[in-house]
Amino acid sequence: MAKLNIVQAINSALKNEMKRNSDVVLLGEDIGRDGGVFRVTEGLLEIFGPERVIDTPLAELGIIGSAIGMAAYGLKPVAEIQFMAFSYAGLEQIFSHAGRIRSRSRGRFTCPIVVRMPYGIGIKAPELHSESAEALFCHMPGIKVVVPSSPYNAKGLLTSALRDPDPVIFLEPSRLYRSIKTDVPDEDYAIPLGKAAIYQEGKDITVVAWGAMLHRAAEASAGFDAEIIDLMTLKPFDEEAILNSVRKTGRLVIAHEATRSGGLGAEIAALVAEEAVMHLKAPVIRVAGPEAVTPMAKLEDAYMPQIDRIRKAFATVMEF
Amino acid sequence: MAKLNIVQAINSALKNEMKRNSDVVLLGEDIGRDGGVFRVTEGLLEIFGPERVIDTPLAELGIIGSAIGMAAYGLKPVAEIQFMAFSYAGLEQIFSHAGRIRSRSRGRFTCPIVVRMPYGIGIKAPELHSESAEALFCHMPGIKVVVPSSPYNAKGLLTSALRDPDPVIFLEPSRLYRSIKTDVPDEDYAIPLGKAAIYQEGKDITVVAWGAMLHRAAEASAGFDAEIIDLMTLKPFDEEAILNSVRKTGRLVIAHEATRSGGLGAEIAALVAEEAVMHLKAPVIRVAGPEAVTPMAKLEDAYMPQIDRIRKAFATVMEF
Amino acid sequence: MPISIIDEFKIRRLEVLDESGEADAELMPPFDGNEIKKIFERIILARTFNQRALSLQREGRLGTYASILGQEASQVGSAIAFEQSDWIFPSFRETGVLLALGYPAWQLFRYWSGDERGMSAPDGLNIFPMSVPVGSQIPHATGTAMAMKIRGAKSASAVYFGDGASSRGDFHEALNLAGVFKAPAVFLCQNNQWAISVPRHLQTAAKTIAQRAFGYGIEGIQVDGNDVFAVYRATKDALNRAKSGQGATLIECFTYRLDDHTTSDDSSRYRSAEEVEEWKKKEPLIRLRLFMKKKGLWTQAYEDGVAGNALSEIDKAISQAENYPPPDKADIIRFTNARLTLRQKKELKTLGWEK
Amino acid sequence: MPISIIDEFKIRRLEVLDESGEADAELMPPFDGNEIKKIFERIILARTFNQRALSLQREGRLGTYASILGQEASQVGSAIAFEQSDWIFPSFRETGVLLALGYPAWQLFRYWSGDERGMSAPDGLNIFPMSVPVGSQIPHATGTAMAMKIRGAKSASAVYFGDGASSRGDFHEALNLAGVFKAPAVFLCQNNQWAISVPRHLQTAAKTIAQRAFGYGIEGIQVDGNDVFAVYRATKDALNRAKSGQGATLIECFTYRLDDHTTSDDSSRYRSAEEVEEWKKKEPLIRLRLFMKKKGLWTQAYEDGVAGNALSEIDKAISQAENYPPPDKADIIRFTNARLTLRQKKELKTLGWEK
Ligand SMILES: Cc1ncc(C[n+]2csc(CCOP(=O)(O)OP(=O)(O)O)c2C)c(N)n1
Ligand SMILES: Cc1ncc(C[n+]2csc(CCOP(=O)(O)OP(=O)(O)O)c2C)c(N)n1
Ligand SMILES: [Mg+2]
Ligand SMILES: [Mg+2]
């Protein structure tokens with residue numbers, strides 16, 4: 001067992017699964033010789049060769065669209081998009097094809113692709129390198145959406161994604177890529193999709209977060225008896241875990257980087273408003289990005305919900 | 001004053017505004033000689049000529065992208081996308097450019113485009129002609145989203161959109177295009193964006209709906225004392241109208257065609273969970289499409305929330 | 001030399017069977033009489049399906065339908081070039097291709113009546129559901145071709161799309177990728193001169209669509225799309241190139257949409273009856289009949305027999321489709337993913353769709 | 001004739017100034033000595049900015065930066081061809097273009113330090129903010145050109161993008177639209193042979209990018225991108241064509257990215273030092289110096305003076321940028337739309353950003 005960061009953990013999941021399953025092929029810009037702009041695929045070209053680690057032209061629509069064709073034929077393609085914003089060019093392929101093909105062909109064709117991409121605020125890269133648009137993918141049917149928060153769960157969740165029979169959008173919090181190291185087993189292991197983890201038990205406040213915000217929420221919880229749920233799979237998310245916790249605590253705070261309006265926090269709040277509202281001792285609070293586009297580097301930290309904002313939300317629901 | 005349907009009302013808004021403002025140009029597939037697949041632009045080519053009513057090649061990305069370039073230069077382009085699903089190819093242009101250019105240039109450049117498209121279930125057209133993906137546009141910052149529900153408000157809302165300094169996505173419920181006729185003044189008039197209308201006053205239940213579902217909700221309300229809010233502008237929506245009503249009724253039902261998870265209903269429910277939860281006498285209910293892609297014609301009616309489902313929701317919140 | 005010519009391209013056009021029914025001896029594919037009759041019969045079958053579909057639509061028994069009238073040579077001529085292991089990615093206007101490949105007619109009727117079950121190709125037929133977002137299926141063919149190459153299969157993938165589709169970014173990205181990876185793909189552009197109301201010359205300022213191939217480093221050719229032998233030959237050549245590792249080909253089938261765009265369209269709004277009449281004279285069956293007659297393969301009685309068989313086959317398919325039980329509402333939810341989510345299980349219950 | 005040639009295309013390449021500093025007399029633009037010196041000075045200014053930006057980045061005073069080393073002729077040579085009323089749509093690697101057009105250097109430093117205010121071009125300079133999603137700016141230029149045509153303006157729009165960008169669907173749709181509408185647009189592909197780690201020959205199997213023009217019915221030409229006179233000439237010709245109603249042109253500037261992709265990149269991972277060395281010998285300044293020396297326009301002392309001036313201008317810009325007050329957090333929200341929503345007003349209050 002080695003101490004790995006998320007980049008290495010993902011690399012390890014890819015490597016193990018590529019060894020186990022010869023149908024797995026990777027494709028994307030700069031993933032081969034360069035090992036990916038974040039070095040996630042480093043070394044894989046050397047092991048698996050250019051037919052399984054495919055450097056593509058600069059064409060996100062084409063990458064995702066051809067992955068769909070590969071998957072239909074029987075491969076297990078894993079597409080890397082360099083940053084979340086660049087997946088927008090491929091949204092039609094994801095929404096109108098990847099997410100629909102099983103349904104529209106009544107199971108005759110399927111689309112077991114994985115689309116990996118870094119997302120979120122925090123590395124002070126250029127414009128449009130810090131998007132948190134996970135809600136787009138979570139809304140459209142037929143697609144699973146996964147966000148790891150640690151090296152350990154990054155490997156386990158990606159392994160599940162790589163074995164899933166349906167399209168999975170795998171969002172990698174770029175802020176965390178190299179900032180946390182944990183023990184990660186060398187061998188493969190799968191963390192089931194659709195199940196949240198209780199990151200920290202607590203009695204007073206249910207906190208739902210994922211990716212980089214999970215760690216902010218955890219830091220913010222000092223002095224509060226907060227139950228922190230690491231959602232991990234955003235679609236379909238673990239409704240029971242949230243509802244059980246809220247029924248116990250009576251208070252819900254959701255923290256995410258994305259702009260508040262229509263973010264995934266809305267769906268979580270709505271679920272509780274529908275199914276556990278009478279357990280609430282205080283209003284739900286979403287601590288989220290403001291109604292604005294993610295700014296460039298100088299202001300990106302200001303956009304991302306700060307620990308003091310989360311603490312204020314905790315205090316507010318406790319005092320209510 | 002003539003009795004017009006929504007197709008005619010939109011045509012009238014376009015015509016008046018094109019007369020008033022020579023910067024307004026229309027572009028899209030088949031909008032010229034053919035008058036648009038729904039005939040919304042019928043007759044406009046003849047009046048305004050091919051430089052202002054532009055038949056384009058089949059290229060949604062290019063249509064929206066070039067509209068952005070036109071708007072930057074000073075025109076007021078109105079792009080027609082034939083059906084909502086085909087706008088997905090242009091989402092990058094909308095999210096990464098139209099919605100951001102004012103912000104990223106700190107006001108130096110703006111993007112006053114209008115993108116019109118039919119949406120929603122109901123005309124038994126082929127696959128992907130019945131999408132209700134309004135939540136995608138509502139989530140991404142910088143964009144306004146408008147849905148009319150009648151000929152009268154279609155004309156007034158579109159007139160406002162055509163005078164708005166920012167990008168507006170104008171969603172036209174194809175189910176309603178020709179099914180309602182109302183009095184529509186010949187002259188132009190503007191219904192302000194961002195304001196909801198109280199379609200029907202009531203004391204017991206607040207019902208929020210838009211487009212075609214508004215009429216279902218209204219039908220369903222027979223026998224209930226329901227206050228029906230026609231949202232009209234989905235982004236930014238009229239929070240005060242909803243909160244005021246919920247504070248009065250203590251009950252909230254939201255009805256929309258889109259798949260429930262992450263639909264705009266989530267944001268509305270979340271708003272209430274945050275700002276009026278203690279006024280609720282019953283859980284919020286969303287009556288929405290199931291967790292599935294919109295089916296083809298034979299099943300599309302089954303997908304769209306039926307009146308009896310809405311009535312059941314009313315009964316449930318009343319009995320709680 | 002300060003202005004130098006670094007490369008030159010010639011756009012070729014292939015014709016085999018001329019309008020008088022004369023075939024070029026050198027280019028004529030080596031079909032025997034039976035094979036030629038089979039081609040004729042497939043065209044008749046496609047045309048019969050088409051006519052019946054149009055009338056069913058008028059009677060309210062089918063949804064919106066896209067006629068293939070005039071494009072049968074482009075469709076049947078290309079379809080018969082495939083092998084069983086090839087993969088096909090059709091647009092919504094490929095009835096002739098699908099029928100020629102053995103796609104059950106009754107399934108096609110189901111599709112056009114708005115029933116997803118019609119898109120489930122029988123096992124062994126690698127035919128993807130018809131793509132409705134124009135052009136968006138083109139990258140799939142590139143991907144499948146890349147997969148075939150990775151797997152070392154001696155197969156090819158082929159994708160059908162229109163002149164309108166060739167304006168979409170999907171076309172570009174897909175053909176460029178296919179060029180880079182020397183993917184065994186065949187891009188079959190059905191240039192029927194119209195994309196709804198937009199004529200070819202307003203779709204692009206380029207003289208041909210075939211010439212785009214050069215921009216991707218792949219092979220490109222225009223064929224007379226109303227000439228079933230030329231279409232067959234170009235497709236077969238392209239498939240051979242693909243399967244022998246020489247990469248992709250763009251084939252522009254130069255044909256004409258004789259009917260309205262779909263049953264929701266009224267083409268008299270945007271094109272002249274004279275233009276249509278001119279093209280009617282060039283429709284593929286006329287010259288095939290002349291050719292077959294010269295070869296002693298055609299008599300009116302023969303055609304009547306073929307037409308009669310086709311009609312009864314198609315009518316059988318219609319009643320099979322119409323007598324099939326309607327789709328189960330639960331299927332809306334059931335096929336979203338391999339496994340139902342908890343939420344979906346709840347929904348099935350709430351909606352009363354559970355069995 | 002059953003296989004006919006329906007069209008032919010020749011791909012031209014333009015060169016004016018060769019590596020020995022000899023200019024083709026016929027093609028040489030009619031620049032006088034002062035104009036040539038001004039070109040030289042702009043290249044030095046761009047290069048000075050570039051060097052300073054790279055060191056500031058290393059010192060942690062700038063964010064990720066994309067070097068233009070080696071591409072100065074493509075950038076300055078094209079930029080000086082524009083008139084005040086033309087519109088420019090740059091990618092993120094166009095420092096040389098922007099400076100040559102008079103974009104304030106201090107504003108560019110602000111941009112690269114991660115401050116939106118750096119993207120607000122001074123009034124009168126029609127320069128759009130640099131586009132980060134590769135290729136996505138190309139359709140904007142088509143739209144602006146269409147608008148110019150509609151308005152009857154005698155102007156053109158120009159868009160810069162790389163070889164990588166030419167693989168994107170945006171490129172295709174934009175150039176095709178420009179062809180159909182005969183839009184006064186100039187598409188300036190900066191083919192610097194690499195898209196991060198992907199070499200040109202893996203970006204497309206086509207021999208040139210210029211040849212794609214034929215697929216859109218527009219003009220296309222490759223120029224030696226390290227030859228400032230050839231780039232100027234091709235751009236000027238294209239602008240003249242555009243402004244006289246002859247439509248759009250695709251210009252492929254054949255050049256080379258001598259540095260890493262950006263300061264986050266390490267190009268030794270994917271290309272050889274030898275390749276870079278070969279191209280260093282061809283960098284644009286060498287031949288321009290030789291040419292100017294022959295014309296009596298260049299001495300070492302002259303260049304030292306130019307370099308000194310450039311350095312002090314750039315250093316002044318750096319301190320101007322660095323001494324500017326940091327951006328206001330409220331601006332994050334304030335510029336989303338023309339008017340603040342109620343929600344945004346609340347947010348400004350809750351976040352304590354209100355003034
Ligand atoms: C992306 C997209 N845009 C618009 C439409 C609406 N539409 C359906 S067919 C069609 C024209 C297609 O023209 P072409 O590609 O030439 O194919 P044809 O219909 O002539 O077979 C249009 C605009 C669509 N289905 N998909
Ligand atoms: C749509 C998109 N995909 C990927 C990236 C990441 N990226 C930035 S620059 C670049 C390469 C661009 O190559 P090219 O177009 O040749 O321009 P160059 O960098 O060589 O100037 C890539 C892949 C991006 N910014 N946008
Ligand atoms: Mg067509
Ligand atoms: Mg490049």
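Chain identifiers are assigned alphabetically (A, B, ...) following the order of the sequence lines, protein sequences preceding nucleic acid strands; residue numbering begins at 1 within each chain. No hydrogens, no waters, no symmetry mates; every other heavy atom, side chains included, goes into these values.
Residues of residues 193-206 of chain C lying under 4.5 angstrom from chain D, judged on non-hydrogen atoms, are Leu202(C), Gln203(C), Thr204(C), Ala205(C), Ala206(C) by number. Scanning residues 179-191 of chain D against chain C with a 4.5 Å non-hydrogen threshold yields Gly179(D), Val180(D), sorted by number. Residues of residues 170-177 of chain C that come within less than 4.5 angstrom of chain D, heavy atom to heavy atom, are Phe171(C), His172(C), Glu173(C), Asn176(C) in numerical order. Residue-level contacts of residues 230-239 of chain D with chain C do not occur; threshold 4.5 Å between heavy atoms.
With Arg13(D) contributing its side chain and Ile6(C) its backbone, the two residues share no donor-acceptor pair below 3.5 Å. Listed for the Gln211(C) side chain is a donor-acceptor partner under 3.5 Å among the backbone atoms of Phe214(D).
More than 12 heavy atoms of other residues, nucleotides or ligands lie within 6.0 Å of NZ in Lys294(C), so this atom counts as buried by the packing criterion.
Residue contact with chain D, scored on non-hydrogen atoms closer than 4.5 Å, involves the backbone and the side chain of Lys10(C) alike. If you measure heavy-atom distances from Ser166(C) to chain D, the contacts under 4.5 Å come from the backbone alone. Contacts between Gln222(C) and chain D at a heavy-atom distance below 4.5 Å involve the side chain alone, from C-beta outward.
A 4.5 Å side-chain heavy-atom check between Ile3(D) and Leu27(C) finds at least one atom pair inside the cut-off.
Between chain D and the options Arg212(C), Glu26(C), Arg168(C), heavy-atom pairs under 4.5 Å are most frequent for Arg212(C).
For the atom pair CD1 of Ile11(D) and CD of Glu8(C), the computed distance is 9.0 Å after rounding to the nearest 0.5 Å. Here the straight-line distance linking atom OG of Ser4(D) with atom CD of Glu15(C) works out to 5.5 Å at 0.5 Å rounding.
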